[in-house]
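In what follows, a single structure is set out as structure tokens and then discussed.
The sequence lines fix the lettering, A, B, ..., with proteins before strands; numbering per chain opens at 1. Quick caveat, the model's predicted, so the values are computed rather than measured.
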Protein chains: 2
Amino acid sequence: MARLPLYLRALTALAERGVATVSSDELAETAGVNSAKLRKDLSYLGSYGTRGVGYEVEFLQHQISREIGLTQDWPVLIVGIGNLGHALSNYGGFASRGFRIAALVDADPQRTGEEVAGLKVRHSDDLDDVVKEFNIAIAVIATPAHAAQAVCDRLVDLGITSILNFAPAVVQVPEGVDLRKVDLSTELQILAYHEQRKNGAALALTAEQAVELAKAVGG
Amino acid sequence: MARLPLYLRALTALAERGVATVSSDELAETAGVNSAKLRKDLSYLGSYGTRGVGYEVEFLQHQISREIGLTQDWPVLIVGIGNLGHALSNYGGFASRGFRIAALVDADPQRTGEEVAGLKVRHSDDLDDVVKEFNIAIAVIATPAHAAQAVCDRLVDLGITSILNFAPAVVQVPEGVDLRKVDLSTELQILAYHEQRKNGAALALTAEQAVELAKAVGG
DNA sequence: GGGCACTTGTGAAGCCATGCACAAAGTTGC
DNA sequence: GCAACTTTGTGCATGGCTTCACAAGTGCCC
Ligand SMILES: NC(=O)c1ccc[n+]([C@@H]2O[C@H](COP(=O)([O-])OP(=O)(O)OC[C@H]3O[C@@H](n4cnc5c(N)ncnc54)[C@H](O)[C@@H]3O)[C@@H](O)[C@H]2O)c1
Ligand SMILES: NC(=O)c1ccc[n+]([C@@H]2O[C@H](COP(=O)([O-])OP(=O)(O)OC[C@H]3O[C@@H](n4cnc5c(N)ncnc54)[C@H](O)[C@@H]3O)[C@@H](O)[C@H]2O)c1
């Protein structure tokens, strides 16, 4: 489930505050979800709670980590070391969650050899070698949109089956490959949509229904 | 609907290729969704298609833009000009979609006055003025997780009702405020989860069901 | 002007996630 | 040990989203 990481984060926060056990109600509130939903989710992993008491924070933390697969080290490759690629490379928040930025790749010869976050940027031509050398399992695409599909195809050819795409493009992958996308423009657009509804409700009504209104009145 | 931006992007791609009209089947494939779903989504906006022909690309593009509210200019504020804040500030992809990075704010006096992407970084203390001065409607939180809730509360107090949060923290907002979050660690964790299922199916089975198996056999 | 091919718009069925509500299970206090 | 209280795990109903399938509408060709 996609909510496990959320629970994990809530548990980590609780653990840092020194809480030893937590009820589903409390945990649900911390994570911002319904408590029944949380219990049902957790029951999928097994019966890790104690009736009358709740869940042991550290134990549950470990169980969820294991379920997600965070007990192992995941070497991550970033393709496209521009604005975003740099930010991602320098971000410390991944390492603490079991993800290790293992290699950086860019098509621009100018960038090749540049050192970012302690790693030398490799050239795209070496992609094959890089993937093998670092045993890459997860790749991040941070190239311009027009290059995304081509880059993705190459990654898939090299046997990578988990890809996170930041480029604002619809990228197709074959069966068996997981592609997730992070799309900031879309997020902003959704916000704008709601914002418009809130502020300009009356305005929107006028604009949208003007024609209908005109028809109804005039015809 | 959250899919409108996706359709809009697909339409833009088609328009660039010079396509004048498109059927729901084609558009659905370009956007990577089911065609019936697409038609139903579009029918919410009104009857913008022509039976037997399809949809007029440019016209539909305009209609969706208007629906989302992209025909107007949205001044965006970014709070927290670190790694990520810099990348976002320098990103050109927002402007082309009607979003204008209007102001940057950081709590660090060292950063105040620094010029990023043509804008002077302002100090958090001036948040009130900045929001009023630039008529901010949408804010982006790119501060460390521990500051996110406090920053968010201040933004809400200043009347901002649309917030995009990048900090890996559960942030609570009152009714009427839209908070969306972009969570890279979660995305990676979901990928890792599936990756584990794929590669280590046999392994996971052994580990998970060992206890059950032991019980069944031994008891 | 009529038939044919094509495509939209939508009724209806199916599916999945959500959340309520409660029994089962466990704990605490005496 | 027993009763009262707490909290989990889950059966079940509800609601929304997705998808199928088709009637209704439109353009094209003759
Ligand atoms: N910067 C942001 O804040 C931001 C926000 C949202 C989305 N995005 C998206 O993320 C992507 C990257 O953004 P950016 O601002 O870093 O862009 P950028 O132009 O700064 O960097 C892109 C990098 O990709 C490299 N590249 C191009 N083609 C390549 C290829 N075929 N193989 C490998 N590398 C290649 C380029 O050399 C460049 O270094 C873009 O698609 C952008 O739309 C960025
Ligand atoms: N860098 C990435 O690629 C990345 C990826 C995923 C998530 N994130 C998250 O995004 C956030 C920012 O990441 P970053 O790498 O830019 O961190 P950073 O430490 O480089 O930058 C954070 C900035 O926020 C400022 N700040 C701190 N408290 C503030 C406050 N109360 N008001 C205003 N500004 C304040 C700091 O001065 C600093 O400039 C973090 O929460 C991080 O977990 C970053």
Check your understanding: Atom OH of A/Tyr55 to atom P of D/dT6: distance rounded to whole Å?
Key -> 18 Å
Practice item. Assess whether one donor atom and one acceptor atom, taken from the side chain of A/Arg51 and the base of D/dT8, lie less than 3.5 Å apart. Key: yes
**Study point:** Residue whose closest nucleotide on DNA chain C lies nearer the 5' end, B/Val22 versus A/Ala36
**Key:** B/Val22
Practice item. Return yes if some donor-acceptor pair links the side-chain N/O of B/Glu56 with the main-chain N/O of B/Ala20 below 3.5 Å, else return no. Key: no
Point to revise | Distance, rounded to the nearest Å, where A/Lys37 contributes NZ and D/dT14 contributes P | key: 20 Å
Practice item. Look at all strands and tell whether A/Ser35 reaches a base, only sugar-phosphate, or nothing, counting heavy atoms closer than 4.0 Å. Key: nothing
Study note, to complete from the structure: 5'-most contact on DNA chain C (nearest-nucleotide basis), B/Gly54 vs A/Gly52, goes to B/Gly54
Check your understanding: Hey, is the side chain of A/Ser23 poking within less than 4.0 Å of OP1 or OP2 on D/dT7, counting only N and O atoms?
Key -> no
Review point. Distance check: side-chain N/O of B/Thr50 vs OP1/OP2 of D/dT26, anything under 4.0 Å?
Key: no
Point to revise | Interatomic distance, A/Leu27 CG vs D/dT8 P [rounded to whole Å] | key: 9 Å
Exercise for review: Would you kindly check whether a donor in the side chain of A/Lys40 faces an acceptor in the base of C/dT18, or vice versa, at under 3.5 angstrom?
Suggested key: no
Review point. Just how far, in rounded Å, is P of C/dT7 from CG of B/Leu38?
Key: 14 Å
Study note, to complete from the structure: From CZ of A/Arg39 across to C1' of C/dA24 the rounded distance in Å is 13 Å
Practice item. Please check if the side chain of A/Thr161 supplies one atom and the backbone of A/Val177 the other of a donor-acceptor pair under 3.5 Å. Key: no
Revision key, fill the gap. Value for CG (B/Leu164) from CG (A/Leu188), rounded to nearest 0.5 Å, stands at 5.5 Å
Exercise for review: I would like to know whether A/Asp128 and A/Arg154 meet salt bridge (Lys or Arg N to Asp or Glu O under 4.0 Å); could you show each step before the answer?
Suggested key: CA-CA 9 Å; A/Asp128 202 336; A/Arg154 285 192 62 195; over 6 Å; no
Check your understanding: Which value, rounded to the nearest 0.5 Å, describes the distance between A/Leu77 atom CG and A/Ile101 atom CD1?
Key -> 9.0 Å
Practice item. Examine C/dC20: is either OP1 or OP2 under 4.0 Å from a nitrogen or oxygen in the side chain of A/Asn34? Give yes or no. Key: yes
Point to revise | Distance, rounded to the nearest Å, where B/Met1 contributes CE and D/dT18 contributes P | key: 7 Å
Exercise for review: Examine C/dT7: is either OP1 or OP2 under 4.0 Å from a nitrogen or oxygen in the side chain of B/Ser24? Give yes or no.
Suggested key: no
Exercise for review: Indicate, with a heavy-atom threshold strictly under 4.0 Å, whether B/Tyr44 touches base, sugar-phosphate, or nothing.
Suggested key: nothing
**Study point:** Whole-Å distance separating the CG atom of A/Leu60 from the C1' atom of D/dT8
**Key:** 13 Å
Study note, to complete from the structure: Separation of C/dT8 atom P from B/Leu42 atom CG, nearest Å, is 9 Å
